[in-house]
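Here is the naming used below: chain letters follow the sequence lines, and residue numbers restart at 1 for every chain.
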Amino acid sequence: MTSKNLLFVSGKGGVGKTVVSQAIALRLSRKGLRTLWVAFEDPLRPAGELRQAGPSLWHLNCDSTLAFEEYAALKIGMPALARVFLQNKLMRYLAKAAPGIHELVLLGKVWHDRTRYDHVVVDMPSTGYGLAMFQSVRNFRDLFKGGPLFRDAEEMLATFHDPKLTSHLIVSLPEEMPLRESLELEEFLRDVFPENRAEFWVNRRFPHVATREQARKDPPDLWPTPFARTASEYCYKRSVLEHQNLDLWRDRGIEFREIAMIAPDPEQTQASVATGIADQLQREGIL
Amino acid sequence: MSEAARSIDDILARRRIIVTCGTGGVGKTTLSAAIALRGALLGRKAAVITIDPAKRLVSSLGLHDTGTRLGDEPTDLTRLLHDAMNETMEGSGPSGTFAAIVPDTRKTFEALIAELSDDPALTARITSNPIFQVFAKEFSGSNEYMALERLHLLERLGRYDLIVLDTPPSRNTLAFLQAPKLLVQFFEERFIRWLVLPANKLASAAMRKALGILERLTGAGFMSSLFDFASGLFEVRARFTANLNRLLELLRSPDVGFVMVTVPSPDTLPEARHFIESVREHGFHFDGVAVNRSLSYLDGKDSPGAGDAGSPGSAEHKEALRILRALQARERSALAGAADGIPICARLPEFARDVHSMEDLFHVAMAFGPLPDRGAR
């Protein structure tokens, strides 16, 4: 991961992709490498904002309308002609309504800006939408037969496929549905990028109250009720359940890294959690 | 305070259709099935419709190994529920019925196009267009729209007196509400009209120029697909709009209530406020927020029980308890303002295991509260 220019962080919604990808970017930047962290259309930040978030760390809120305009201007070349194109009502309608065009230009922006940084870490949208992003590049490659857009789509896919340039990371929680969904996600990524296999991380790992051995001997399906009676029992049961859930990955021979859960506190912010995870990555020699 | 919170049973009593909305990962599919199951326990002919790419419902019901398939046609699960209730020693069986439907969105989509075009040649032309094929697969509103189509069809049959519609998973609670608008955008007539006019009839030089640039960038093959796609849309637009309006009318009727499903977090209340506002703007009826995976049932149950496994007193155990308490504290403060205009219709405990059987789904349905006494017998 440290030798790649591009890193796509994917996973189901709510697994903590944003903080994990921020933590990775922070950790890479601490090594003195110029690092860009990219989010797509975060409604809480100004559209298209690029801001310095630390020494050699930048955060970009990539916006599809701006990316579309930037890309069209670049491709058309002559500013006057680009204006005619971009101000045309029909083109604006197509840019807004055509499925996949947003995804195409957002990834296009990342692809284009990648050369200005040592590392670009991308916080992908949750599973379905994240897949749709790569899918739409493929769709456009197939729809545009020839022409400059076709060639760009092809080159983008080639870059994302090259294990020397790009890595794909799948983040999950130690819960059944996210773990299962990440297997499907991996299958899809493998289909699009067969030569560039994804890495797996599991986030928010609860403390290992039970051992794997204990978990094997006391499977949740045999518990008489689906509830815990006390706080203490909850902690034990949750730990057993996590062990059992992670067998979904282990049984398929998947190797993965674990990020320990950080207890919430009222003062907590996204940035403070990301810093906590970055420290953990450093402490445990993961990155 | 605008209104008192209703319970799930109150909502069931006043609605024939309940639409559940929520982001992915909050347990919406399981909870929707539990609401329908609750309806069956209360004597209703209940069905749950779920657009379920992750097969969550099959898993929640423990159907993986039984050979029972869920599909486009309703699967009657009353017998299974009956057995589960005997198993848990909780009564003799439901007084109503319980069925599940997992629509085949592709089939629904093609059936819809066939109905809209009313002409096999036109249907074939539309569905073979490469842009249409991408559209049907990728358009972010199409799953939502298909869910509505299926609901409408089932509703017209009149076989059920309770339908719970589990909307497709999304990153945004409002996605379902926004889908029709996204589709309508597509059918903006003045734009489509430009694309169906022959190029030499385009009066404006700027328009000719813009289309010329687009062709240069995307290639001639794409442009002809685009014109063809637009003319297909043009021909079905009137029927499509009429159809969409019928669906919206159904959603606005007092038979239909919206429930938001969420998990306790600092975002819960702001998100709920936003959702309530948006539901009302659309002219729909908001019924309540169902909070799933609540840890409040463990408040005050700190002392380890006798025979607790997992080495109480170890460093891991202490850290686990510390995290649990922090989660409970966060939940308390996150929901502290809930009384203020945000009706919470259910608060379900976080189970210690995933729901994988009809018995556990029955436990979820019972966690909505004790069943009302079925008449003095």
| Value rounded to 0.5 Å, distance of CZ in B:F351 from OG1 in A:T225 | 8.5 Å

| field | Exam field: side chain B:R353 to backbone A:W223, donor-acceptor pair closer than 3.5 Å | value | yes

| request: Could you go through the side chain to side chain contact (heavy atoms under 4.5 Å, CB included) check for B:I323 and A:I262 one step at a time? | output: CA-CA 8 Å; B:I323 291 178; A:I262 294 176; over 6 Å; no

| said: Measuring from atom CG of B:D354 to atom CG of A:L241, what distance do you get when rounded to the nearest 0.5 angstrom? | reply: 5.0 Å

| query | Of all of A:A82, A:G14, A:P148, which one pairs up most often with chain B through heavy atoms under 4.5 Å apart? | reply | A:P148

| field | Proximal component of B:L295, with respect to chain A [non-hydrogen, under 4.5 Å] | value | side chain

| task | Let me know if A:N245 has heavy atoms under 4.5 Å from chain B in its side chain, its backbone, both or neither. | result | side chain

| request: Give, for atom CZ of B:F222 and atom CZ of A:F150, the distance between the pair rounded to the nearest 0.5 Å. | output: 14.0 Å

| query | Would you say A:E176 and B:H356 make side-chain contact, with heavy atoms under 4.5 Å? | reply | yes

| Heavy-atom contact with chain B under 4.5 Å, split by part of A:L94 | side chain

| task | Please flag which part of A:K12 lies under 4.5 Å from any non-hydrogen atom of chain B: side chain, backbone, both or neither. | result | side chain

| task | Go through the steps for B:M207 and A:N88 under the test side chain to side chain contact (heavy atoms under 4.5 Å, CB included), then give the verdict. | result | CA-CA 7 Å; B:M207 184 63 77; A:N88 180 279; 3.4 Å; yes

| task | Please determine, among B:M223, B:R330, B:R325, the option with the most heavy-atom pairs under 4.5 Å with chain A. | result | B:R330

| field | Heavy-atom pairs under 4.5 Å with chain B, option from A:R238, A:K89, A:Q87 with the top count | value | A:K89

| message | I need the minimum non-hydrogen distance between A:A228 and B:Y297, along with the two atoms involved. | response | O-CE1, 3.3 Å

| message | Applying side chain to side chain contact (heavy atoms under 4.5 Å, CB included) to B:E350 and A:Y234, what does each step give before you reach the verdict? | response | CA-CA 10 Å; B:E350 170 154 308; A:Y234 173 86; 2.6 Å; yes

| field | Greatest number of heavy atom pairs closer than 4.5 Å to chain B - which of A:V84, A:L86, A:L143 | value | A:L143

| query | Measuring heavy-atom distances to chain A, does B:T218 have an atom under 4.5 Å in its side chain, in its backbone, in both, or in neither? | reply | both

| query | Considering only heavy atoms, which portion of B:P349 lies under 4.5 Å from any heavy atom of chain A: side chain, backbone, both, or neither? | reply | side chain

| request: Dump the intermediate steps for side chain to side chain contact (heavy atoms under 4.5 Å, CB included) on B:L214 and A:L90, then the final yes or no. | output: CA-CA 11 Å; B:L214 186 65; A:L90 176 62; over 6 Å; no

| Among A:G13, A:P178, A:P220, which residue forms the greatest number of heavy-atom pairs with chain B at distances under 4.5 Å? | A:P220

| Pairwise side-chain contact, B:T29 with A:M177, heavy-atom cut-off 4.5 Å (strictly under) | no

| field | Pair A:S232-B:H317, side-chain donor/acceptor within less than 3.5 Å | value | yes

| Heavy-atom side-chain proximity of A:T230 to B:L298 below 4.5 angstrom | no

| query | Got a second to check how far B:L211's CG is from A:F85's CZ, nearest 0.5 Å? | reply | 9.0 Å

| field | When B:R293, B:E359, B:Q328, B:R322 are compared by non-hydrogen pairs under 4.5 Å with chain A, the top option | value | B:R293

| field | Side chain proximity check, B:L327 to A:P264, heavy atoms < 4.5 angstrom | value | yes

| remark: Closest non-hydrogen contact found for B:E316 with A:V209 is O-CG2, 3.9 Å

| request: Pick whichever of A:Q244, A:E175, A:R151 has the most heavy-atom pairs under 4.5 Å with chain B. | output: A:E175

| request: Look at A:P207, A:P226, A:A263, A:C235 and state which one has the largest set of heavy-atom pairs under 4.5 Å with chain B. | output: A:P226

| Checking heavy atoms, do the side chain of B:R216, its backbone, both or neither come under 4.5 Å from chain A? | both

